Each structure stands twice: as structure tokens, then as C-alpha cells.
Amino acid sequence: ATTLGASAAEKGRYFGTAVAAFKLSDSQYVTILNREFNSVTAENEMKWDATEPSQGRFSYTNADRIVNHARANGMSIRGHALLWHAQQPAWAQNMSGSALRSAAINHVTQVASYYRGKIHSWDVVNEAFADGTSGGRRDSNLQRTGNDWIEAAFRAARAADPNAKLCYNDYNTDGVNAKSTGIYNMVRDFKARGVPIDCVGFQSHLTNSVPSDYQANLQRFADLGVDVQITELDIAGSNQAAVYGTVTRACLAVPRCTGITVWGIRDSDSWRTGQNPLLFDANGNKKPAYTAVLDALNSG
Ligand code: G3I
């Protein structure tokens, strides 16, 4: 096929992008979005600070703009993210202990219930593992409520939206390393104990190269009985097009890799200011990286 979404669909996958609600009035942006992508992730609008700016008062206006655009145009929706140490509202940042635990689980329940049936996959918990060699959890206010906070969040999400795929999502997990192995061990434990988890997201914020065991790392998670998704792909550096091709082929080679999301449309939309890590330039033109992805989706 001739677009990212249609080509991915021919391989049984989705091809998505992060979307910012305020850009839905930019006609160039929307033209590319509607032409190329069949899945969207709200870049910021479903995060805790956006959806519950004061405790117990929920705000879905901007998230709904993205959800409504997606549904009107036949796109599926990744939910991002129910719980994260970052982008918490100020009121939650100042909480701890059982009060924070209750507030966090209530947040999961409320947001997942509001969007019940509309989200194909939820990032239930984002970035809860530490960087470096420990393989352990990141310290955060949520982690300090007890090590079982992640499984409590997944159980609450399952109860609220039984048909959504429930994902754990993180970065610097792109090869077999201490951090990805820590997550691997958590997923294995969850599967063994019946904690509901369906997928693992690999953000894949990359520069110039991808670990040689990227595909093998996706596969080892798939072998635990979960789907894997590439959730926030962007690639800086002069080797960008080749690496985009490698990442795309790795997903296609893993049957349980169900889709790829890039973290923005044009380079000017990227959070990585000045790094030009996306598939379209600031004028909306297709870059060599775009062609590398499209060719990879259409090969074989
Ligand atoms: O909402 C305020 C707005 O009121 C204010 O006028 C403006 C002024 O700078 O800031 C706005 O908030 C910004 C927000 O994006 C919405 O645009 C924040 O400053 C800014 O820090 C925030 O950045 C987002 C970042 O997550 C926050 O951690 C990026 O857009 C977003 O791309 C990025 O995405 C994350 C994923 O969620 C998780 N994985 C890593 C990825 C990259 O950091």
C-alpha cells in the first residue's frame, strides 16, 4: 500500500502517531494525520495533570478532541498514561501513603471507566523502573505507597475497562539490559500470579542506532504471553532512515508486535527540539526515514 497505516494493516498491525489536541486546527497536520495513520496516542491530554487537575474533578475536553477526531476517522486509540511519576497534578505530587494510593487507584478507575470501550490499549503504568544497572523500581511517590502499586493499578484498569489491552510502558528498554530484565521479571511474575497484563510498550526514543538484540528483546517478552508495541518511536541522528527500517522490520518479525506509534508527525512537532527525529519535515514533506518505514512495511 501507499500509506503507513494501510501498509501496516496489510501486515495485521496498526501504525500510529502521538497527537496534540491544539494541532487539530492545523490543516497540514491533519491532512498528514488522516492520510497516513490509523492509530493515535494523546501526547499529553490523557495524563493525570490533564484529566484530574484538582482532586475528584475530571476534565476530558482536550482528550475528547483527540478521541472524537480518531473515531470520526476510523483510527484506534492508545490510552497514555493512567499512572506516571511525571506530569502529576500538584495536589497528587503533595500526597503520600494510603491517601495517594487511594487517589491513584480512583484516578485509574475513573479515567478507564470514562473511556471504556474506546481505547484499544492503555498504558496503565508508565516508566516505573529505574535507569542503570539495578533492575529495580524507580523511586517515586507512587512507589513509596508500596511495591504492589503497579498490580493494584492493573487490577483497577481491568475492572474498569475489561476489553482494553493493558500495557506497561517504558524507555531505555530497547535491548536486553538490566532495566528491561527487571520489567521482564515483573511481567513474568504478573502472568504467574494472574495479575492482568496484556502488553508491554517499548518507547524506543533512539539516536543513530538500535541495540542488535532489539528484536530478540521484543520476542522474549512476547514469549511470556503478552503483546508488544513500539509506542513512542523517534530516531535522531544521521543514520535515522536505516534505523527506522530496522525497527520496523523487527516489529514485523515478531508476530505479537501488534503496532508501531511514532511520537509526533513533523520534526517541528517533536519534543526533541532541534533533533528532527520524525518521518516528515517541518513543511510536511516525507523524509527518507518515511520511505524506509514504508518500504519495510511493504516488503516480504
Ligand atoms: O500545559 C502547559 C501550558 O499550559 C504551558 O503554557 C506550556 C508552556 O511551556 O507548557 C505546557 O505543558 C507542557 C506540556 O508538554 C504540554 O505541552 C510541558 O511544559 C512540557 O514539559 C510537556 O512535555 C511533554 C512531556 O512528555 C512531559 O514530560 C511532551 O510534550 C511529551 O511529548 C512528552 O512525552 C513523553 C511521554 O509522555 C512518556 N515518555 C517520554 C515522552 C518524552 O518525554
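Counting starts at 1 for both ligands and their atoms, in listed order. All of these numbers come straight from a predicted model, not from anything done at the bench.
- Its side chain within the 4.5 Å cluster rule, Trp263 clusters with Trp271 among the Ile, Leu, Val, Met, Phe, Trp and Tyr residues.
- Members clustered with Tyr14: none, using a 4.5 Å side-chain heavy-atom cutoff among hydrophobic residues.
- With sequence neighbours excluded, the residues that form a side chain to side chain donor-acceptor pair (under 3.5 Å) with Lys23 are Asp269.
- For ligand 1, the protein residues placed under 4.0 Å by at least one non-hydrogen atom are Glu43, Asn44, Lys47, His80, Trp84, Gln87, Asn126, Glu127, Gln203, His205, Glu232, Trp263, Trp271.
- Taking the charged nitrogens against the carboxylate oxygens, Asp223 and Arg256 have no contact shorter than 4.0 Å, which rules out a salt bridge.
- Using a 4.5 Å heavy-atom cutoff, the side chains of Glu127 and Tyr171 are in contact.
- Arg57 CZ: 12 or fewer foreign heavy atoms inside a 6.0 Å radius.
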